[in-house]
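Chain letters run A, B, ... following the sequence lines, proteins first, then strands; residues in each count from 1.
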Amino acid sequence: MKKIQNVTLSKKNVGETVELYGWVAKKRNLGGLLFIDLRDRSGIVQLVVRPEDAVYEMAETVRNEYVLKVEGTVLERESKNDKLATGEIEVQVEGLTILNTSLELPFEVSEDTTALEDTRLKYRYLDLRRTRLQEIMRLRHKIALATRNFLDKEGFLEIETPILCKSTPEGARDYLVPSRVNDGKFYALPQSPQIFKQLLMVGGMEKYFQIAKCFRDEDLRADRQPEFTQIDIEMSFVEEDDVMDVAERLVASVFKEAKGIEVSLPLRRMKYTDAINLYGSDKPDLRFDMPIEEISSIFTNTEIAFLKAVLEENGMINAIVAKNCADKYSRKEIDKLTDYVKTYRAGGLAYLKLEEEMTGSIAKLLSDKEKSEIISALQLEKNDMVFIISGKKEIVKTSLGALRLKLGRDLELIDKTKYEMLWVVDFPSFEYSEEEGRFVACHHPFTSPKDEDVNKLISDPGNCYSKAYDIVINGYEAGGGSIRIHNQEVQNKMFEALGLKDEEIKEKFGFFVDALKYGTPPHGGLAFGLDRLTMLLAETENIRDVIAFPKTASASCLMSEAPNIVAEKQLEELHISLKK
RNA sequence: GGUUCCGUGGUGUAGCGGUUAUCACGUCUGCCUGUCACGCAGAAGAUCGCGAGUUCGAUUCUCGUCGGAACCGCCA
């Protein structure tokens, strides 16, 4: 007799004696005839116990989530259940051991449980017994396994990098770890293995990868956790195309191995500037189109005061068109959309409807010429709805981009069975930080500029673009990376452009900058968000669904109640005193 | 740091300035030999998150607080 996984049982096993282990998912006592659904990781099989069976009395006492060992004979069922993989058979129980009992549960361990997420998070170990989460954990495992297999075949080495690191104040906030043996000093948990993976290239490892835990002490979102996992990759002697080639073949391999989805390569590429202009996002969801249209020029001689003011202040007027939707939007709903775009700092939302005539918030103020220009520029047809936002470029693009996504969802324009992947390339090297009053690195200060922009780093930083690329799937940034600077002169120019003084460079990146002076090969890489890839393949928008023990939006764990207050003695040992 | 929403038996919900606090699932007891959302009958189970205020009276209104969710900022 051998231990058997439930779902491996089928009609071909009829007559065999088997040994099963699992949990009681459900008991149905028909008054004599007793059915128990036994669940293990593989699924459910029905046990049957009859009054004349020796184990009947014991079987009557089992409750939900009791842990059982069962010996029995596989029988063909009198009435089949096509909802179950094992629905053609059942197991007649001959030997029964209750391996453990269970308290009454805080919620039902079933797919249609009504328990809300916070309840499920508090008892995560119970939630993990549900098929949905078991499937996701299996999927996540498959993704990691496919990644390792693929990268191994491509000649990559998996190398671990430190978790206790030096704090680098650029970028996200670090999680800090006090050092007991170094009074007053702190380690930082890595935001990513960025510096170490580049040092591995300096160290001659040529092709590295790691499935690496990363930590960022920033505010959370539905797709962001304080600790998350990256598939981190770095390669020597490569240019952009080489990295993108390996990366997209990796994605294709993962989609194929983990879920049987064919991805056709090469992926399309879109310049950052185009992504922003057309979709108002550096991670456009291309499962539907609805591009943002620039219509400023139509309003050169406008009578509309607020639009005139926008244009005088170097702002722009952009629109998106919801085809054949004019009758779907009442005043009330447009007000809701207006509130929505205001959260993205848009000043307001103007709209036009092409009905018998053109109507809408600004229709009365438009000249006939302007109306006809709008119709031809936007190729409007009857019953089309136009949403218009005006103002500063950045705000117009992001708010219309957000509105586009909302309309796409609300109007069900998104084909959820589809995966739309693309590379967004040629990111700007710098962005101007109002807060700091200077240009800051868009990616990080070791990102290589485009060859043709090297000479503009100092004279015209706002027009420099970098060898950086993000892979975007269904509107999620699934991964991103860049070619790094390996040339000392270029690196110095970059620091100069960022306004970093020598002492600052030494203090912030000292050992790393030194290392780059000792024969650094040309190199580059990227990192995928393993959590986000899993979300995409699991078809969930909640990152907590794909992490075994996730944290809430306030970065705490409802189950273990981390973080917690620690004993005064612990703090003393760490040379820490807390502000009262 | 900001905005919005939520908190009622174990779970999920209804509700209201004065109720015996609604319903479903679950639990327990009894009956029931082919169920698989088993069925039938009955029972137990609630500090209405916590604190203060308004009020004759607060689960309900107000403020605070704690917890949860989404978004903006933030996330090189």
Return no unless some side-chain N or O of A:Thr552 is found under 4.0 Å from OP1 or OP2 of B:rG68. yes
Using a 4.5 Å cut-off on heavy atoms from C-beta on, say whether the side chain of A:Val109 contacts that of A:Trp23. no
Confirm from the modelled atom types if A:Arg63 and B:rG26 form a donor-acceptor pair under 3.5 Å, side chain to base only. no
Please output the side-chain donor-acceptor pairs of residues 29-36 of chain A that fall under 3.5 Å, not counting sequence neighbours, one pair per line with the distance.
{"from": "A:Asn29", "atom 1": "OD1", "to": "A:Gly31", "atom 2": "N", "distance (Å)": "2.8"}

By side-chain contact (heavy atoms from CB on, under 4.5 Å) - contacts of A:Cys165 (at least two apart): A:Pro162, A:Pro190, A:Phe196
Using purine N1 to pyrimidine N3 plus N6-O4 or O6-N4 for Watson-Crick, or N1-O2 and O6-N3 for G-U wobble, each under 3.5 Å, what pairs with B:rG30? B:rC40
For atom C1', what is the distance between B:rU27 and B:rA46, given to the nearest Å? 15 Å
Look at A:Asp223 together with A:Arg532 and state whether they make a salt bridge at an N to O cut-off of under 4.0 Å. yes
Donor-acceptor pair under 3.5 Å, A:Arg216 side chain vs B:rC75 base: no
Please confirm whether A:Arg404 makes a cation-pi placement over A:Phe288, using NZ or CZ under 6.0 Å from the six-membered ring centre and within 45° of the ring normal. yes
Say whether, by atom type as modelled, one donor and one acceptor occur between the side chain of A:Glu111 and the main chain of A:Arg132 under 3.5 angstrom. yes
Distance-only side-chain donor-acceptor flag, A:Asp285 / A:Tyr279, under 3.5 Å: no
Mind listing the N/O atom pairs, protein and nucleotides 40-43 of chain B, below 3.5 Å?
none

Determine the Euclidean distance between corresponding C1' atoms of B:rC25 and B:rG9; express it in Å to zero decimal places. 12 Å
With a 3.5 angstrom cut-off on both distances, give the Watson-Crick or G-U wobble partner of B:rA46, or none if there isn't one. none
Assign each of A:Ala553 and A:Glu431 to its nearest nucleotide of RNA chain B by heavy atoms, then name whichever residue's nucleotide is nearer the 5' end. A:Ala553
P-based separation of B:rA24 from B:rA44 [nearest Å]: 16 Å
For the pair A:Arg173 (side chain) and A:Asp217 (backbone), establish whether a donor and an acceptor sit closer than 3.5 Å, ignoring hydrogens and angles. yes
Counting side-chain heavy atoms from CB outward, which of B:rA69, B:rG73, B:rC71 is closest to A:Arg544? B:rA69
Do A:Asn542 and A:Glu117 get their side chains close enough for a donor-acceptor pair, meaning under 3.5 Å? yes
Is the side chain of A:Asp40 donor-acceptor paired with the backbone N or O of A:Ser42 at a distance under 3.5 Å, no angle test? yes
Where does B:rU19 fall, syn or anti, if syn means a chi angle no more than 90° from 0? syn
When you compare B:rA52 with B:rG57, how far apart are their P atoms, in angstrom units rounded to a whole number? 15 Å
If we ignore angles and hydrogens, is there a donor and acceptor under 3.5 Å between the side chains of A:Gln210 and A:Thr161? yes
Atom pairs, N/O to N/O, protein against nucleotides 34-38 of chain B, distance under 3.5 Å?
{"from": "B:rG34", "atom 1": "O6", "to": "A:Arg50", "atom 2": "NH1", "distance (Å)": "2.8"}
{"from": "B:rG34", "atom 1": "O6", "to": "A:Arg50", "atom 2": "NH2", "distance (Å)": "2.6"}
{"from": "B:rG34", "atom 1": "O6", "to": "A:Glu78", "atom 2": "OE2", "distance (Å)": "3.4"}
{"from": "B:rG34", "atom 1": "N1", "to": "A:Glu90", "atom 2": "OE2", "distance (Å)": "2.9"}
{"from": "B:rG34", "atom 1": "N2", "to": "A:Glu90", "atom 2": "OE1", "distance (Å)": "2.7"}
{"from": "B:rG34", "atom 1": "N2", "to": "A:Glu90", "atom 2": "OE2", "distance (Å)": "3.1"}
{"from": "B:rU35", "atom 1": "O2", "to": "A:Arg28", "atom 2": "NE", "distance (Å)": "2.7"}
{"from": "B:rU35", "atom 1": "O2", "to": "A:Arg28", "atom 2": "NH2", "distance (Å)": "3.3"}
{"from": "B:rU35", "atom 1": "O2", "to": "A:Gln46", "atom 2": "OE1", "distance (Å)": "3.4"}
{"from": "B:rU35", "atom 1": "N3", "to": "A:Gln46", "atom 2": "OE1", "distance (Å)": "2.9"}
{"from": "B:rU35", "atom 1": "N3", "to": "A:Gln46", "atom 2": "NE2", "distance (Å)": "3.0"}
{"from": "B:rU35", "atom 1": "O4", "to": "A:Gln46", "atom 2": "NE2", "distance (Å)": "2.8"}
{"from": "B:rU35", "atom 1": "O4", "to": "A:Arg77", "atom 2": "NH1", "distance (Å)": "3.2"}
{"from": "B:rC36", "atom 1": "O4'", "to": "A:Arg28", "atom 2": "NE", "distance (Å)": "3.2"}
{"from": "B:rC36", "atom 1": "O2", "to": "A:Gln46", "atom 2": "OE1", "distance (Å)": "3.3"}
{"from": "B:rC36", "atom 1": "O2", "to": "A:Arg77", "atom 2": "NH1", "distance (Å)": "3.4"}
{"from": "B:rC36", "atom 1": "O2", "to": "A:Asn81", "atom 2": "ND2", "distance (Å)": "3.0"}
{"from": "B:rC36", "atom 1": "N3", "to": "A:Arg77", "atom 2": "NH1", "distance (Å)": "2.6"}
{"from": "B:rC36", "atom 1": "N4", "to": "A:Ser79", "atom 2": "O", "distance (Å)": "2.9"}
{"from": "B:rC36", "atom 1": "N4", "to": "A:Ser79", "atom 2": "OG", "distance (Å)": "3.3"}
{"from": "B:rA37", "atom 1": "OP1", "to": "A:Lys83", "atom 2": "NZ", "distance (Å)": "3.4"}
{"from": "B:rA37", "atom 1": "OP2", "to": "A:Lys83", "atom 2": "NZ", "distance (Å)": "2.9"}
{"from": "B:rC38", "atom 1": "OP1", "to": "A:Lys26", "atom 2": "NZ", "distance (Å)": "3.1"}
{"from": "B:rC38", "atom 1": "N4", "to": "A:Asn29", "atom 2": "O", "distance (Å)": "2.4"}

Once you apply the 3.5 Å cut-off to both distances, tell me the Watson-Crick or G-U wobble partner of B:rU3, or none. B:rA70
Gap in Å between the two P atoms, one belonging to B:rU62 and one to B:rC72, rounded: 28 Å
Report yes if a side-chain nitrogen or oxygen of A:Ser110 is closer than 4.0 Å to either non-bridging phosphate oxygen (OP1 or OP2) of B:rC25; otherwise report no. no
Would you check if there is a donor-acceptor pair between the side chains of A:Ser79 and A:Arg77 at a distance under 3.5 Å? no
For nucleotides 46-51 of chain B, print each protein N/O atom paired with a nucleotide N/O atom at under 3.5 Å, atom names and distance only.
none

Across every strand shown, the nucleotide meeting Watson-Crick or G-U wobble geometry with B:rU62 (both distances under 3.5 Å) is B:rA52
Of B:rA70, B:rG73, B:rG67, the nucleotide closest to the side chain of A:Leu558 is B:rG67
Which whole-number value in Å describes the distance from A:Asp339 CG to B:rC71 C1'? 13 Å
Would you kindly compare A:Tyr340 and A:Arg224 by the position of their nearest RNA chain B nucleotide and give the one closer to the 5′ end? A:Tyr340
Between B:rU59 and B:rA14, how far apart are the two C1' atoms, rounded to whole Å? 13 Å
Quiz question: by atom type and distance under 3.5 Å, do the side chains of A:Gln92 and A:Asp53 form a donor-acceptor pair? yes
Between B:rU60 and B:rG68 - P atom distance, rounded Å: 22 Å
When both hydrogen-bonding distances must be under 3.5 Å and the geometry is Watson-Crick or G-U wobble, what is B:rA21 paired with, if anything? none
Take atom CD of A:Glu94 as the centre, draw a 6.0 Å sphere, and report whether it contains more than 12 heavy atoms from other residues, nucleotides or ligands. yes
Can you see whether A:Ser330 engages A:Glu333 through a side-chain donor-acceptor pair at a distance of less than 3.5 angstrom? yes
A:Arg221 CZ to B:rU3 P, in whole Å, measures 15 Å
For every nucleotide of nucleotides 4-13 of chain B, 5' to 3': is a protein heavy atom under 4.0 Å from its base (B), only from its sugar-phosphate (S), or from neither (-)? ------SSSS
Using Watson-Crick or G-U wobble geometry with both distances below 3.5 Å, tell me the partner of B:rC16, or none. none
Please give the nucleotide sitting opposite B:rG9 as a Watson-Crick or G-U wobble pair, both distances under 3.5 Å, or none. none
Distance between the P atoms of B:rU8 and B:rG15, in whole angstroms? 14 Å
Return the CE to CZ distance between A:Met494 and A:Phe446, rounded to the nearest 0.5 Å. 10.0 Å
